[in-house]
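Order of appearance sets the numbers: ligands from 1, and atoms from 1 within every ligand. Reckoned from all heavy atoms, side chains included, excluding hydrogens, waters and symmetry mates.
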Amino acid sequence: MWQKLRAIEAQTRNRSIAESLFCAPDRASDFSLCVDGILFDYSKTNIDDETRKTLVSLAEKAGVKERRDAMLRGDKINKTEGRAVLHTALRALEGGGEDGAIMVDGEDVIAQARLTYERLKTFARDLRSGDWPGKGRRITDVVNIGIGGSDLGPAMALRALGPYADGPRCHFVSNVDGADLRDTLHGLDPQTTLIIVASKTFTTLETMMNARGALAWLEQGCDAPMDQMVAISSAPDETDRFGIKRENVFGFGDYIGGRYSIWGPVGLAVMVAVGPENAAAFLRGGAAMDAHFATAPLDENMPVLLALVGLWHQKFCGYPTRAVIPYEHRLARLPAYLQQLEMESNGKSVAMDGSPLAHGGGPVVWGEPGTNGQHAFFQLIHQGQDVVPCEFLVGAEGHEPDLRAHHDALVANCLAQSEALLQGRGLEAARNSLISKGYSRHDAERLAPHKVFAGNRPSTTLVYPKLTPYVLGQIIALYEHRVFVEGVILGLNSFDQWGVALGKELADGLIPAVAGGDLPEDINGSTGALLRYIHVCRKA
Ligand code: F6P
C-alpha cells in the first residue's frame, strides 16, 4: 500500500489543485465531510478518489478499526507501560449514551470515574457559590500548578471558553522559572486563593517546586494553608507525603495519559471557572465525536480522514511540518496543546516491538492564531521553498455580536489565505499587476519575481458553528483520535513518552553544579564551559 501511494504521488505531484476544483464542480462536497455541525474540507489538496481509496485501505490494513475497538473496550494497548487507554471513559459520563462498565484489572473504570466526577461537581459548585471551604473567606482566585498535560489542557480550554467563565478567576503556573510563580501570585490574596496542584505522578520537578513555593506563599498569608491546597493526581502516596488532605485529593487511574487528561479531574480549574453545566457540555461534545469515531465507516470518519490527509502530506508528499492556524483568538493555546498531543504521542522512532519504524514517526506541528500569524510566518508559507500544509479552523459565528464586522473580517481572512495558497500568482500576472499600478515596464520586470506566489499549496479547513463548550469537546476529541489513527498506521505506541526522560534525569544531576557545587567529573567540555561562564556571571 505504501508503495502504491508513492506511485500515486509521483503521478499526481504536478496536478493543479485549482484546476481539479474547477473541472469537478462537486469536488468541494466530494472531498469534505460534515459531522454533527463540524465541516472538514480537504478539497484544497491534491487528493483524488484513487488516493483516498488507497489511503483508506492503508488504514484498514494497519488495523485501525481493530485497534480503535481495543482502545475503547479498555484493552491494555499502551504496551510499553502495560496500561489501558481510557480517556474516552471520562466523557462517557455525560455522553447520554451507553455508560456500562469498562473493566480494567477487575475494577469498573466508569464507576470509579463517576464517583470522582460527582465530587468534582460538588466541589466546583461549592467554590463558585462561596460555600467552600466553609470557614475562610470566599475564594476569588484559583491557581492551577502543573505542566504538560496538567497545564496545557485546562489552560487551552479556559482560554477557549472565556465567554462562559463566570466563576473565580483562574491562573496557571507551569514553568520552573520562578518568574512564572512570582508574576502569577503577584496581586493575589493568599486568604482568597485556592491552589490546585495538578500532577499525575506528583513528582514532576517543575510542579513540585512551584507547589512548595505556593505553599510558602500561603503560609505567610493565611491561617490554614493546607485547607487551600487541592491535589489532582494518580499518586495518593505522594500527595500524602506533601501533606494534602485526602478529602482535597481528586484521583484518576493510570489509564488516563497526561496529555489526554483534560476530561477528568485535571479539568477542575475549567469546571470552577465555567461551571459544571458547561463542563458537562464539553464532555458531551467529546462523547459525540467518540460515537462517530467508533461507528462511522473509515472513509466517512472525520478523525480517520484528518489522519490520512496528514499522512499523505507528511509521508508521501514529503512535507515534514504542519501548521495549525485557528482563526479564533480564544484558541490561541490550541497549537501548543496540539504540539504536546501530536509530538509527545507520535514523535517516535521505534515500533511497538522496539524495531526501527518502517516509515518514521509523526510530523512537526506548529502554529499561531490567525490573523496574527499572517503578519509573522505567512511570508514563508506563501513564498518559502518548503511547502507547509496548513490546517485552518474557523467559527461561523463569534461571541461578540456587537463586533460583527471584526468577525466578518476574520472569516474573510481565513478563507482568503487558503485561496491564496491554492491559486498563487504567476510571473505575468505579477508583472501586469505592477504595470496596472503605474510602475514602469523596467521596474515591473525587476519587481515581478518578488511578487510571484507558487500556489498549488495544500490546506484544509475545519468550520464549526461557534466555539461553545460542546464544540470545543468535539474538536479536542477529533484531534485525539486523529493522533491515535496516525500512530496505528505508523505502527508506534502513541501513549508513552520516554523521550522526555533523559533530559529530566540530566537536569536533576546538574542542579547541584548550577547551584555552585563541583562540576560532575564526566561533564562534557561544552556543558562544562557553559556552566563555568554562568558561575563567572553570577560572581560578577
Ligand atoms: O513531559 C512529560 C510529562 O510526563 C507529560 O506527559 C505530562 O503531561 C507532564 O510531564 C506532566 O506530568 P505530571 O502530570 O505527572 O506532572
Undergrad: List every atom of ligand 1 that sits less than 4.0 Å from any heavy atom of G148, numbering the atoms from 1 in the order shown and giving each element.
TA: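 Listed by number with element, the hits are 8 (O).
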Undergrad: Counting non-hydrogen protein atoms only, what is the nearest one to atom 15 (O) of ligand 1? Give residue, atom name and distance.
TA: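 Ranked first by proximity to atom 15 (O) of ligand 1 is T201 OG1, 2.7 Å.
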Undergrad: Report yes or no: do T527 and N524 form a side-chain donor-acceptor pair below 3.5 Å?
TA: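 There is such a pair between these side chains.
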Undergrad: Tell me every residue that passes side-chain contact (heavy atoms from CB on, under 4.5 Å) with S174, counting only those two or more places apart in sequence or in another chain.
TA: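 Residues passing side-chain contact (heavy atoms from CB on, under 4.5 Å) with S174: I147, D151, D180.
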Undergrad: What protein heavy atom lies closest to atom 4 (O) of ligand 1? Include the residue and the distance to one decimal.
TA: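 The closest heavy atom on the protein side is K504 NZ, 3.9 Å.
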Undergrad: Indicate yes or no: does an N/O atom of K200 lie under 3.5 Å from an N/O atom of ligand 1?
TA: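 Among all N and O atoms of K200, at least one is under 3.5 Å from an N or O of ligand 1.
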Undergrad: Using a strict cut-off of 4.0 Å, indicate which atoms of ligand 1 neighbour a heavy atom of E344.
TA: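 Heavy-atom distances to E344 below 4.0 Å select 1 (O), 2 (C), 5 (C), 6 (O).
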Undergrad: Does this structure show an ion pair linking R259 with E480, if we count only N-O contacts that are shorter than 4.0 Å?
TA: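 Between E480 and R259 there is no salt bridge, as every charged N stays at least 4.0 Å from the carboxylate O atoms.
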Undergrad: Where the closest heavy atom to atom 12 (O) of ligand 1 is concerned, which of T204, I145, L152, D496 has it?
TA: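 Considering heavy atoms of T204, I145, L152, D496, the nearest to atom 12 (O) of ligand 1 sits in T204.
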Undergrad: Does the ring centre of Y260 sit less than 6.0 Å away from the ring centre of F495?
TA: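 Aromatic pair counts; centres sit under 6.0 Å.
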Undergrad: Among all protein heavy atoms, pick out the one at the shortest distance from atom 8 (O) of ligand 1; state its residue, atom name and that distance to 0.1 Å.
TA: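 For atom 8 (O) of ligand 1, the nearest protein heavy atom comes out as G149 N, 2.7 Å.
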Undergrad: Give me the nearest non-hydrogen protein atom to atom 11 (C) of ligand 1 as residue plus atom name, then the distance to 0.1 Å.
TA: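 Minimum-distance protein heavy atom for atom 11 (C) of ligand 1 reads I147 O, 3.2 Å.
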Undergrad: Please name all residues satisfying ring-ring contact (aromatic ring centres under 6.0 Å, His included) with W217, sequence neighbours left out, ordered by chain then number.
TA: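 In terms of ring-ring contact (aromatic ring centres under 6.0 Å, His included), with neighbours along the sequence ignored, W217 is linked to no residue.
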Undergrad: What part of Q497 sits under 4.0 Å from ligand 1 if we count only heavy atoms: the side chain, the backbone, both or neither?
TA: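 Side chain only; the backbone of Q497 stays clear of ligand 1.
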Undergrad: Please confirm whether R67 makes a cation-pi placement over F484, using NZ or CZ under 6.0 Å from the six-membered ring centre and within 45° of the ring normal.
TA: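 That pair does not qualify as a cation-pi contact.
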Undergrad: R125 vs D131, test: salt bridge (Lys or Arg N to Asp or Glu O under 4.0 Å). Steps then yes/no.
TA: CA-CA 8 Å; R125 280 200 186 106; D131 291 345; over 6 Å; no
Undergrad: Any nitrogen or oxygen of V500 lying under 3.5 Å from a nitrogen or oxygen in ligand 1? Just yes or no.
TA: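 No, there is no polar N/O contact under 3.5 Å.
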Undergrad: Check whether the side chains of N278 and Y470 place a donor and an acceptor atom closer than 3.5 Å, and report yes or no.
TA: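 Looking only at side-chain atoms, Y470 and N278 do not form any donor-acceptor pair under 3.5 Å.
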Undergrad: Could a heavy atom of Q340 be found less than 4.0 Å from some atom of ligand 1?
TA: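 Yes, that is the case, since the closest heavy atom of the residue is under 4.0 Å from the ligand.
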